[in-house]
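Throughout, a chain's letter reflects where its sequence line sits, starting with A, and its residues are numbered from 1.
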There are 2 protein chains.
Amino acid sequence: MNGKSTTTRTKLERGRSALGPALELVHTGRAPTRAVLTSELGVTRATAGAVAAELEALGLIKVDSSPGSAAGSQGRPSHRLSVRDSGPVVLAAQVHADGFRAALVGLGGRIVATVPGCVAVMADPAQVLGEVVEAGAQLLRESGLRCVGAGLAVPSAVAEPEGTALNPLHIAWPAGAPVRDIFSACVRAAGINGPAFTGNDVNLTALAEHRHGAGRGAQHLLCVATGHRGVGGALVLDGRLHSGSSGLALEVGHLTVNAEGRPCHCGGRGCLDVETDPLAFLTAARREPGPEESLLKQSGDLLRAEYGDPAVRAAAEELIDRLGLGLAGLVNILNPDRIILGGLHRDLLEADPERLRAVVADRSLWGRSGSVPILACTLDHNSLVGAAELAWQPVLDDPLAALA
Amino acid sequence: MNGKSTTTRTKLERGRSALGPALELVHTGRAPTRAVLTSELGVTRATAGAVAAELEALGLIKVDSSPGSAAGSQGRPSHRLSVRDSGPVVLAAQVHADGFRAALVGLGGRIVATVPGCVAVMADPAQVLGEVVEAGAQLLRESGLRCVGAGLAVPSAVAEPEGTALNPLHIAWPAGAPVRDIFSACVRAAGINGPAFTGNDVNLTALAEHRHGAGRGAQHLLCVATGHRGVGGALVLDGRLHSGSSGLALEVGHLTVNAEGRPCHCGGRGCLDVETDPLAFLTAARREPGPEESLLKQSGDLLRAEYGDPAVRAAAEELIDRLGLGLAGLVNILNPDRIILGGLHRDLLEADPERLRAVVADRSLWGRSGSVPILACTLDHNSLVGAAELAWQPVLDDPLAALA
DNA sequence: CACGGTTTGTTCACTCATGGCACAAAGTGC
DNA sequence: GCACTTTGTGCCATGAGTGAACAAACCGTG
């Protein structure tokens, strides 16, 4: 009379199958009310009601039925759905050239608490990640919230399925460092629950922007960003990150964008990487590059503050033209329906949006593709939020299993 | 390439949900027996049995229970599954520079009947497609089989969602011709049942090779092929064709592969398109190009018959190096786990596989990605079979609804 | 302020795909 | 022949989801 199920079959732990999609809709803000949830899921009102009630019982969302607020249209007002404030969180961490940042991120990409750690990044990933995770664990203790996973963003390609960082150049880690294993070990050592994930920062930026920022609603979202050195890219297809068969997709830095350009370490010349990064900009603008970590900031400030300066403007236009050529090449290959730019590329876009759009339209094959919207990244700490998305994914896929 | 696989599923027409996946497994040859089907679907034997029985009742597959054939292993031999011989077919058609071909294609990519029509392709798409469809309808009448749809492959990018051919250059059709609408109209006029689809021939080649040829089992399959003029590409991700947001993805012809190369009509120079097509090969080998339609054949024959000739060999090696550079660029962007080559590119691969693989490995960023397997297309009439796949897709997605 | 009209939430019986079992069937090896 | 293994089949339980009827909450209008 007691043991109904002894063996843990796969299907036994399967909950309501619409649970995951429903949570994702609330998570991404596409289901503000239960009525919208019903139509978005394509189920009956009864089912949507049961699903919403179950998600509320799990402590993930809030179903607000009381308020006689501004309805606008006629008919009975629908219950409003939102992410629960004091629901579970994930630990998100980000490592970059200037240091690290740890945060607690709730559903909806909401940063609950964050602390920027300002260590000078050292060559030992284990030590750095230990500090990052400890900072996150401290936040977690202070908050008293439940943690369901952890995610880490690193400025390097991450090979699948090994989880090794292939080119963590500007954080001076050894190439091939097993960052995923190290991060997982740190997370476990800190007593944090849930699985741990690691990904490339530009990939995670794209993921975050797709779910909560400028990429919302795009079906084929291309993201290109410059960090301190080098160029990264990412592609989100139908809501899922496309990182290739071994995690190395969208290494777009070595598209040729200037046949007479400077030689690149890859063996070619005129690569996007060396033609559109902050160092290239400062050089073209005939400014003295400062210390490496601040190249990005230095470039952005210069671009915003002194765009009137002919040398700065000429340098910017040169880079915009190169960037446009690279983007046009990617448009021809990937045919995205939206492009978002980060880092210096974002600053270049904002300096002269029309010029960039014109170059892309002119150099991509079809007028249609050329009219791809090009937008700037909008989220603060987008790769941090992206790292959190990584950790949230199991919950979105199967809330019952992930919270069990 | 027509309907974007409507995600808004109306539960009314929902049959057994495992029906589609099961049919796809049999269709692609990945479920030779019912036992394999059971494990591949991840369901119980009872369910797999019911699904197989239902597919058999629908006249789509054959369940072979009798044979006491060579089992090999111990235990009760499983029923063998195969595509039914006299089951429904789709009408597949292909238009190319030398004429057209029409065929009836069953499940499993089996060409039941075919007729090569050898018209000189004229400037009027309606007339050509009318002839093609009529040839197919004739085959259909002779066979007496049931037709559940039609698919067409054209040597041009096909814009979505309009279904217009953007660059049907070597068949002398007007750019922007509404090929899908024309084809659909012809199919309806011929009294053929089922929906009609139209797609780019290289895309369809990739789809066919993925399901029945050299691309089987690949998760991220990149296909690059040269026809008579120009280069086309295609990408199959997780079994579905990726054709971008408006059908124009993988227009790979204008990757720069030779900084000092000849100018291209796209505005750049040294594009893959003009550096690795049959005309480029013949020119490099200092041979007199014949009439346009036979450039491809002429090149292939030359490559196979006279590879000992120093001029031919040098030309081939030059093209292989250029092609390798282009493929390496695509590897960096797409990170496929397999590459298949068609047309002249296939001939180049077979002329010197090691050289091509070495170039790709050398010029792609990571050793891992460099070791991507590069294979030749294997199917006869692969774009024809791919066109059939397009027409089969609704049946694979939902057999009950599609056959109703 | 009662009135229909509209939209949404809720309850309940019903459907049906699937899991879980027990048992039968069909092979191999000794 | 007999154990053993593997697969097919019949039957019941489960549970997610539907569909329809009803209740609730808001709008307007007179």
Closest to side chain of A/Ser17, choosing from D/dA16, D/dT18, D/dA25: D/dA16
Round to the nearest Å and state the distance from B/Glu54 atom CD to D/dT9 atom P. 15 Å
Across the strands shown, which category fits B/Ser78 at heavy-atom distances under 4.0 angstrom: base, sugar-phosphate, nothing? sugar-phosphate
Parallel, tilted or perpendicular for B/His242 and A/His220, by the 30°/60° rule? tilted
Whole angstrom value for the distance that separates C1' of D/dT18 from CG of A/Leu41: 15 Å
Nearest-angstrom distance from the residue atom CG of B/Asp64 to C1' of C/dG27: 16 Å
Figure out the CG/C1' separation between A/Leu37 and C/dT7, and round it to whole Å. 16 Å
Say whether B/Asp337 and B/Gln219, considering side chains only, have a donor N or O and an acceptor N or O under 3.5 Å apart. no
Per B/Arg34 side chain, nearest of listed nucleotides D/dG17, C/dT18, D/dG8: D/dG8
B/Arg45 or A/Val36, whichever maps to the more 5' nucleotide of DNA chain C: A/Val36
Salt-bridge test for B/Glu160 and B/Arg180: reply yes if a basic N is under 4.0 Å from a carboxylate O, no otherwise. yes
On the nucleotide C/dG19, are OP1 or OP2 found under 4.0 Å from the side-chain N or O atoms that B/Thr44 carries? yes
Out of D/dT6, D/dT18, D/dA21, whichever nucleotide has its closest atom nearest the side chain of A/Val43: D/dT18
Any side-chain to backbone donor/acceptor pair from A/Trp392 onto A/Gly106? Under 3.5 Å, distance only. yes
Does OP1 or OP2 of D/dT7 have a side-chain N or O of B/Thr38 closer than 4.0 Å? no
Would you mind classifying the nucleic acid contact of A/Ala46 as base, sugar-phosphate or nothing, using non-hydrogen atoms under 4.0 angstrom? base
Once you round it to whole Å, what is the distance between C1' of D/dA23 and NE2 of A/His79? 12 Å
Residue B/Gln74, side-chain heavy atoms: nucleotide from C/dT28, C/dT10, D/dT9 that is nearest: C/dT28
Determine: side-chain N/O of B/Arg76 to OP1/OP2 of C/dC23, distance under 4.0 Å, yes or no. no
Salt bridge between B/Arg30 and B/Glu40, side-chain N to carboxylate O under 4.0 Å? no
